[in-house]
Amino acid sequence: KDSKKIEIVFVSLDKNESDWKEYYGIMPWLAVPFGDARIKSLTQKFEPEGIPYLIVVGKDEKLLSDNGYEDVMVKKEKAIDEWTKLY
C-alpha cells in the first residue's frame with residue numbers, strides 16, 4: 001500500500017480576479033481563493049521570488065523545498081518521494 005500523499009494548493013499572486021480565474025481554470029487542484037487574506041500571510045512567510053514558484057510545505061508548515069519547480073523539472077516524480085521523506 002502506498003501511504004505517501006501530497007496535496008497541491010494553488011496560491012496566486014495575480015493582480016485581478018479574471019487573470020486568476022483564467023489561470024486556475026486549467027488546474028486540477030485546490031486553490032486559495034483570489035484576494036484571500038492567507039495569500040499575504042503566505043507571501044510574507046515564504047517570500048516567493050518569481051513566477052512560476054513552487055514551495056513545498058508539510059502539514060505543520062515546515063518548509064520542505066523552496067525550489068519545488070526545479071525539483072519537479074529535474075527529478076520528475078522522484079521529487080515527491082524526496083519531499084515525503086522529509087515530513
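Between W20 and P33, the closest heavy-atom pair is CZ2-CA, 4.1 Å. Among all heavy-atom pairs drawn from A79 and D71, the shortest one is CB-O, 3.7 Å. Nearest heavy atom pair, residue S65 against residue N67, reads OG-N, 3.1 Å.
M27 and V57 fall into different hydrophobic clusters, where Ile, Leu, Val, Met, Phe, Trp and Tyr side chains are chained together by heavy-atom contacts under 4.5 Å. Linking Ile, Leu, Val, Met, Phe, Trp and Tyr residues whenever their side-chain heavy atoms come within less than 4.5 Å places I8 and I26 in a single cluster. One hydrophobic cluster holds both V56 and V72 under the rule that ILVMFWY side chains link at heavy-atom gaps under 4.5 Å. F10 and L54 fall into different hydrophobic clusters, where Ile, Leu, Val, Met, Phe, Trp and Tyr are joined by side-chain heavy atoms under 4.5 Å apart, directly or via other members. Cluster membership for V32 and I55, using ILVMFWY side-chain heavy atoms within less than 4.5 angstrom, is shared.
In this structure, D36 CG and S12 OG are separated by 12.0 Å, a value rounded to the nearest 0.5 Å. Note that the CD atom of E47 and the CG atom of D66 stand 10.0 Å from one another [nearest 0.5 Å]. Taking NZ from K40 and CG from L42, the interatomic distance works out to 12.5 Å, rounded to the nearest 0.5 Å. Distance check, rounded to the nearest 0.5 Å: NZ of K59 to CD of E7 gives 10.0 Å. Between the CD1 atom in I39 and the CG atom in D14 there is a gap of 9.0 Å [rounded to 0.5 Å].
For F46, the ring pair (Phe, Tyr, Trp, His ring centres under 6.0 Å) criterion is met by no residue, not counting sequence neighbours.
Annotation: E82, atom CD; neighbour count of heavy atoms from other residues, nucleotides and ligands within 6.0 Å is above 12. In Y23, the OH atom is not crowded: 12 or fewer heavy atoms of neighbouring residues, nucleotides or ligands sit closer than 6.0 Å.
A salt bridge is absent between K62 and D60; no separation between the charged side-chain nitrogens and carboxylate oxygens falls under 4.0 Å.
Within the 3.5 Å criterion, the main-chain N or O of Y69 finds no donor-acceptor partner in the side chain of Y53.
Inter-residue side-chain proximity for F34 and Y24 is flagged as unmet; no heavy-atom pair is nearer than 4.5 Å.
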